[in-house]
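Keep in mind that what you see is a predicted model, and the values were worked out from it rather than measured. Each chain gets a letter, A, B and so on, in the order the sequences are listed, and its residues count up from 1.
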Amino acid sequence: MEKIAPELLTVRKAEEKRLPPLPEAEKGGVVTRLPPEPSGYMHIGHAMSGLLNYLYAEMYDGEIWLRFEDTDPRKVKPEYYESFKKGYRWLGIEWDHEKNNSDDMERFYEYAEQLIKMGKAYVCTCPVEEIRRLRALGEECEHRRLGIDENLHLWGEMLAGGFGEGEAILRLVGDIKHMNTTLRDPALFRIIEHPHPMAGNRYRVWPLYDFAVSIEDYLCGITHVLRTSEFALRDELQNYIRSLLGMNRNPIYIEYSRFEFKGTPVSKRKLRAILETGLAERWDDPRFPTIEGIKRRGILPESIKEFTITQTGFSYAKREYDWSLLFAINRRILDPRARRLFFTPDPVKLIVHDAPNLVIEAPYHPDKKELGSRKLTATGEFYISGRDAEEMKIGEVIRLKYLMNAKVVEKSVEGVVAKFSGMEVQRDLKIIQWVPAEESIEVKVLVPGPLYLNGEINPESLRTVTGFGEVAIEGVELGEIVQFERFGFCRRDSDSECIFIKAHD
RNA sequence: GCUCCGGUAGUCUAGUCCGGCAAGGAUGUGAGCCUCUCGAGCUCACGACCCGGGUUCAAAUCCCGGCCGGAGCACCA
């Protein structure tokens, strides 16, 4: 088959699942957006959602915006803006336009004034608790009846600094008894006295999410919004705000439940809890779902993309992906690219008597010759993995890969002693990896596991495996992913030392 | 508590709107082939429509009830 019609084999893969068509979408008429809040590091959930928006824009020859939802000056930080930009770029997402919601403050103020003049917004000076209580009850407060002129005046006061933080907000005249509680006169603007990383100290009255988003989605001409379902209830509010402002075009909303992975919470709170216990030190820890974390671990952006396309759906049901689903894709993509190297974890000495001194040339990949080869010298003293040593039986003949056969004659705490037993490759011999004793280097591999097990923090989420490796390992570049044979795919994580992180088997 | 929304193999997903498949795919697990890796590839096998009623010749699909799960109920996004 491979020889007669190799194209058939590849065709089958190309037929894999594709993204379903977008409702009401036309070629060239689709505009989507990446709407990160720069209040934390980008993680895999953002990546998958971003990919969906990007892939659809691409599928329909449309456009995509990168728009930072940065209207809470107290939460946003410059490093987080960067985290998202870097993350999107890493994924291969190219955006056509970029802006920050905080760029449009003057415009937000204009629309606010417009609403006030229409009698559709009012300044409320009730204490927060009172507002909450009344909203829950579905009852209006006295401020709702203020006249337009009075509201205009109070709004001016808000902008001018006549009110302190928490003393006044601008509210929408919604429907105080609406079943969808987001419509019960939601706050549109609040006062925050805190410098903004992008806008500095210029503003103290900041719009809230729904107001900013409704306007920005219109201004950007967004046609389709793909987002997680916690926003589902806001569609109605956002459409309503636009209708009041004469913006008669709403995006199509497609919502789905969060993308979660087993044992790996995405929430800042839970991740920070792990950092606080000291179990992890940085946000780019390879056990973390942050983009920097999974990148360090050796997950390729192509894998995340393929995973998003093939394993995902627009389901509202709670889901928890098993990491093995992603790993399988990553492994398949890595397999033809990764160099094979010998690494012997928990090493044990192996002495082979009567072994000839040899220099052999071993290919870096069984099929891909273009990946080259390296030379290994053998004298008769080796290190092999502790596990292989343990499994050996006296009298058994084993094959040192690419080298020779050896018959086990003795096992002790010192190691294994064997006798040279021929050069030919024989079927049915156990093949093991080895490292020349005189030419071995120390290798350390960090093996990430689940952060949480059965809802509890897993104290052993990161194991360290040490052993000896062949000298060629020193030549592995920082960031390169190789396969330590019969151990797994590992990414070099340190330039100066041979420290690796295991991605998966 | 209130309001929405969901439940297809261990996991993810297609099918549900417009009833009629042996309920498809992926991953996982087991077996075999291939291979100088326990990787990749190939073959086979295992495994699911939450429960109970109803409508119908026929229900994963439509209706009702229950159970379980998720989201929202901010001067966060």
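Residue A:Y402 is classed as a base contact, given a heavy-atom separation below 4.0 Å to a base. Among the heavy atoms of the strands lying under 4.0 Å from A:E320 are primed sugar atoms or P, OP1, OP2 only; no base atom is included. Backbone-only engagement by A:T71 is indicated by non-hydrogen atom pairs under 4.0 Å involving sugar-phosphate atoms exclusively. Across all strands shown, A:A232 has no heavy atoms under 4.0 Å from either base or sugar-phosphate atoms. A:D388 comes within contact range of at least one nucleobase, with a heavy-atom separation under 4.0 Å. As judged by a 4.0 angstrom heavy-atom cut-off over every strand, A:S257 is placed among residues making no nucleic acid contact. Among the protein residues, A:F489 comes within range of the sugar-phosphate backbone only, with heavy atoms under 4.0 Å from sugar or phosphate atoms but none that close to a base. Among the heavy atoms of the strands lying under 4.0 Å from A:R427 are primed sugar atoms or P, OP1, OP2 only; no base atom is included. Residue A:R234 is in base contact, counting any heavy-atom pair closer than 4.0 Å across all strands shown. Residue A:E255 is classed as having no contact, given no heavy-atom separation below 4.0 Å to the nucleic acid. Heavy atoms of A:I192 sit nowhere under 4.0 angstrom from any nucleic acid atom. Within the 4.0 angstrom heavy-atom criterion, no nucleotide atom of any strand lies near A:P35.
By the 4.5 Å heavy-atom criterion applied to side chains, A:F489 and A:K502 are not counted as neighbours.
Note on ring orientation: taking the six-membered ring where Trp is involved, the planes of A:H196 and A:W206 are parallel (angle under 30°, cut-offs 30° and 60°). Under the 30°/60° scheme for interplanar angles, the aromatic rings of A:F382 and A:W434 are found to stand perpendicular.
Side-chain atoms of A:A187 lie closest to B:C75 of the nucleotides B:U13, B:U27, B:C75. When each of B:U37, B:C75, B:G72 is scored by its nearest atom to the side-chain atoms of A:K401, the top-ranked nucleotide is B:U37.
The only member of A:L350, A:N405, A:I431 that meets side-chain contact (heavy atoms from CB on, under 4.5 Å) when paired with A:L400 is A:L350.
The pairing partner recorded for B:C73 is B:G1, the criterion being a Watson-Crick or G-U wobble arrangement whose two distances lie under 3.5 angstrom. Base pairing annotation: B:U35 forms no Watson-Crick or G-U wobble pair, as no partner gives both donor-acceptor distances under 3.5 Å. Nucleotide B:G20 has B:C57 as its partner under the Watson-Crick or G-U criteria, with both atom distances under 3.5 Å.
Note that CG of A:L188 and OH of A:Y111 are 14.0 Å apart. Values are rounded to the nearest 0.5 Å. For the atom pair A:Y240 OH and A:L172 CG, the distance stands at 6.0 Å (nearest 0.5 Å).
Spacing of C1' atoms, B:U11 relative to B:A58, comes out at 32 Å, to the nearest Å. B:G7 and B:A48 are spaced 12 Å apart, taking the C1' atom of each and rounding to whole Å. Spacing between B:C64 and B:C18 at atom P, rounded to whole Å, works out to 15 Å.
For the pair A:T312 and B:U13, the criterion of a side-chain N or O lying under 4.0 Å from OP1 or OP2 is not met. Contact annotation: A:R258 side-chain N/O to B:A71 OP1/OP2 distance is not under 4.0 Å. The phosphate of B:A40 (OP1 or OP2) has a side-chain N or O of A:R331 nearer than 4.0 angstrom. Under 4.0 angstrom from either OP1 or OP2 of B:A77 there lies no side-chain N or O belonging to A:R67.
A donor N or O paired with an acceptor N or O is found under 3.5 Å between the base of B:U37 and the side-chain atoms of A:Q483. For a distance-only test at 3.5 Å, the side chain of A:R399 qualifies as a donor-acceptor partner of the base of B:C36.
Nearest-nucleotide positions on RNA chain B for A:Y316 and A:D322 put A:Y316 closer to the 5' end. RNA chain B is contacted by both A:F484 and A:V213; A:F484 maps to the nucleotide lying nearer its 5′ end (nearest heavy atom per residue).
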